[in-house]
Amino acid sequence: MKTIKNTLLFFVILAVFSCHQDEKSSVEELFEADRQFSKAAETIGFRKAFVEFARADAVLLRENSLPIVGKMAIKDLFSGESPENIQFFWQPLNGEVAVSGELGYTYGIYTIKSDSVVQKGTYISVWKKDKDGNWKYILDSGNEGIGE
């Protein structure tokens with residue numbers, strides 16, 4: 001009987017540890033998607049990156065604007081090439097993935113550099129996995145105004 005209890009306890013501990021590891025790896029996977037989004041903004045330009053990483057039903061919330069709804073509206077907003085003198089990058093600081101593993105959020109700090117001007121702000125992105133299991137943002141918003 002003691003062996004059965006010890007075996008059962010072992011499997012319970014293993015299951016709890018495995019769930020914790022899965023949550024950790026899911027969050028890290030989401031952070032990596034956010035970092036790849038930022039890297040794409042640097043390499044292919046932020047306009048193309050915002051289209052590439054958007055879900056079909058994505059929403060952008062921007063200052064003094066109604067919500068920009070849908071990947072096609074985002075593509076229209078960001079039509080044209082990214083200006084060469086603008087660098088736009090960000091880094092997630094924290095986030096979380098739902099227990100279901102298909103929805104999560106990240107938030108962090110972004111930097112925009114243009115010639116000698118540097119602007120910093122905060123952002124939040126809500127992410128959802130697509131049918132292929134890739135993280136795509138479904139909602140993105142940012143706030144300007146972090147001092148140096």
Side-chain angles (χ1 to χ4, degrees), residues 5-83 86-114 117-148:
K5 284 183 180 177
N6 286 342
T7 303
L8 184 59
L9 179 61
F10 171 76
F11 282 112
V12 168
I13 290 171
L14 183 62
V16 168
F17 179 74
S18 295
C19 289
H20 181 67
Q21 288 298 98
D22 288 346
E23 288 175 22
K24 250 178 131 174
S25 64
S26 293
V27 171
E28 184 51 41
E29 183 183 296
L30 180 58
F31 281 16
E32 183 58 26
D34 199 358
R35 288 189 288 266
Q36 289 300 316
F37 184 16
S38 178
K39 186 174 181 167
E42 291 184 76
T43 57
I44 65 172
F46 69 90
R47 293 175 182 207
K48 288 180 182 176
F50 267 86
V51 173
E52 183 177 315
F53 280 79
R55 284 182 53 94
D57 52 350
V59 177
L60 293 179
L61 300 178
R62 297 294 183 251
E63 188 175 333
N64 300 316
S65 172
L66 292 172
I68 301 147
V69 180
K71 190 171 186 169
M72 292 309 295
I74 294 167
K75 188 174 183 177
D76 289 345
L77 174 72
F78 288 134
S79 63
E81 294 294 317
S82 298
I86 293 180
Q87 296 175 325
F88 185 16
F89 52 92
W90 54 90
Q91 180 67 36
L93 297 176
N94 206 345
E96 192 171 342
V97 173
V99 174
S100 66
E102 64 186 37
L103 190 67
Y105 70 90
T106 56
Y107 68 85
I109 296 175
Y110 71 80
T111 303
I112 299 174
K113 293 181 180 180
S114 175
V117 178
V118 176
Q119 296 176 313
K120 291 188 177 194
T122 58
Y123 75 91
I124 183 166
S125 296
V126 179
W127 299 80
K128 189 173 181 181
K129 284 191 174 179
D130 65 13
K131 65 181 179 349
D132 298 322
N134 299 310
W135 287 107
K136 299 287 186 176
Y137 76 85
I138 191 150
L139 178 72
D140 183 80
S141 187
N143 295 301
E144 298 176 355
I146 295 179
E148 291 293 326

Approximate separation, where rounding is to 0.5 Å, of [X] [atom1] and [Y] [atom2]:
| X | Y | atom1 | atom2 | value |
| --- | --- | --- | --- | --- |
| Leu61 | Leu66 | CG | CG | 10.5 Å |
| Lys120 | Ile112 | NZ | CD1 | 12.0 Å |
| Leu93 | Tyr107 | CG | OH | 6.5 Å |
| Ile109 | Phe89 | CD1 | CZ | 11.5 Å |
| Asn143 | Ile124 | CG | CD1 | 10.0 Å |

Inset, instruction - Please work out whether the ring planes of Phe53 and Phe37 are parallel, tilted or perpendicular, with thresholds of 30° and 60°. - result: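 If you compare the ring of Phe53 with that of Phe37, the planes turn out parallel.
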Legend entry - Mutual orientation of the aromatic rings belonging to Phe46 and Phe78 [parallel < 30°, tilted 30-60°, perpendicular > 60°]: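 If you compare the ring of Phe46 with that of Phe78, the planes turn out perpendicular.
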Legend entry - Lys129: side-chain hydrogen bond (donor to acceptor under 3.5 Å, both in side chains) partners, not counting sequence neighbours: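 Only Glu29 meet the side-chain hydrogen bond (donor to acceptor under 3.5 Å, both in side chains) criterion with Lys129.
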Legend entry - Non-neighbouring partners of Tyr110 that pass side-chain hydrogen bond (donor to acceptor under 3.5 Å, both in side chains), sequence neighbours left out: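 For Tyr110, no residue satisfies side-chain hydrogen bond (donor to acceptor under 3.5 Å, both in side chains) once neighbours in sequence are set aside.
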Shortest non-hydrogen contact between [X] and [Y], atoms and distance:
| X | Y | value |
| --- | --- | --- |
| Thr111 | Val118 | CG2-CG1, 3.9 Å |
| Ala49 | Ile44 | N-CD1, 3.9 Å |
| Val59 | Pro67 | CG1-CB, 4.0 Å |
| Trp135 | Leu30 | CD2-CD1, 3.6 Å |

Inset, instruction - Could you tell me whether the side chains of Trp127 and Asp34 share a donor-acceptor contact shorter than 3.5 Å? - result: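 Per modelled atom types, Trp127 and Asp34 side chains form no pair under 3.5 Å.
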Judged by atom type as modelled, is there a donor-acceptor pair below 3.5 Å linking the side chain of [X] to the main-chain atoms of [Y]?
| X | Y | answer |
| --- | --- | --- |
| Tyr137 | Phe50 | yes |
| Asp132 | Asn134 | no |
| Lys136 | Glu52 | yes |

Mind listing the side-chain donor-acceptor pairs of residues 95-103 below 3.5 Å, one per line with the distance, residues two or more places apart or on another chain?
none

Inset, instruction - Please list, chain by chain and in numerical order, all residues satisfying side chain to side chain contact (heavy atoms under 4.5 Å, CB included) with Asp57, sequence neighbours excluded. - result: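 With sequence neighbours excluded, Asp57 shows a side chain to side chain contact (heavy atoms under 4.5 Å, CB included) to Arg55, Ile138, given in chain and number order.
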Legend entry - Gln91: side chain to side chain contact (heavy atoms under 4.5 Å, CB included) partners, not counting sequence neighbours: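 For Gln91 the side chain to side chain contact (heavy atoms under 4.5 Å, CB included) partners, ignoring immediate neighbours, are Arg35.
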Legend entry - 4.5 Å side-chain heavy-atom contact, Trp90 and Thr106: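 Side chain of Trp90 against side chain of Thr106, heavy atoms only: no contact under 4.5 Å found.
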Legend entry - Residue Lys128 excluded, over 12 heavy atoms near NZ under 6.0 Å: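 No, NZ of Lys128 has 12 or fewer neighbouring heavy atoms, counting only those of other groups under 6.0 Å.
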Inset, instruction - Can you run down the salt bridge (charged side-chain N to carboxylate O under 4.0 Å, His left out) pairs that involve residues 59-68, sequence neighbours left out, and say none if there aren't any? - result: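 The answer is Arg62-Asp140.
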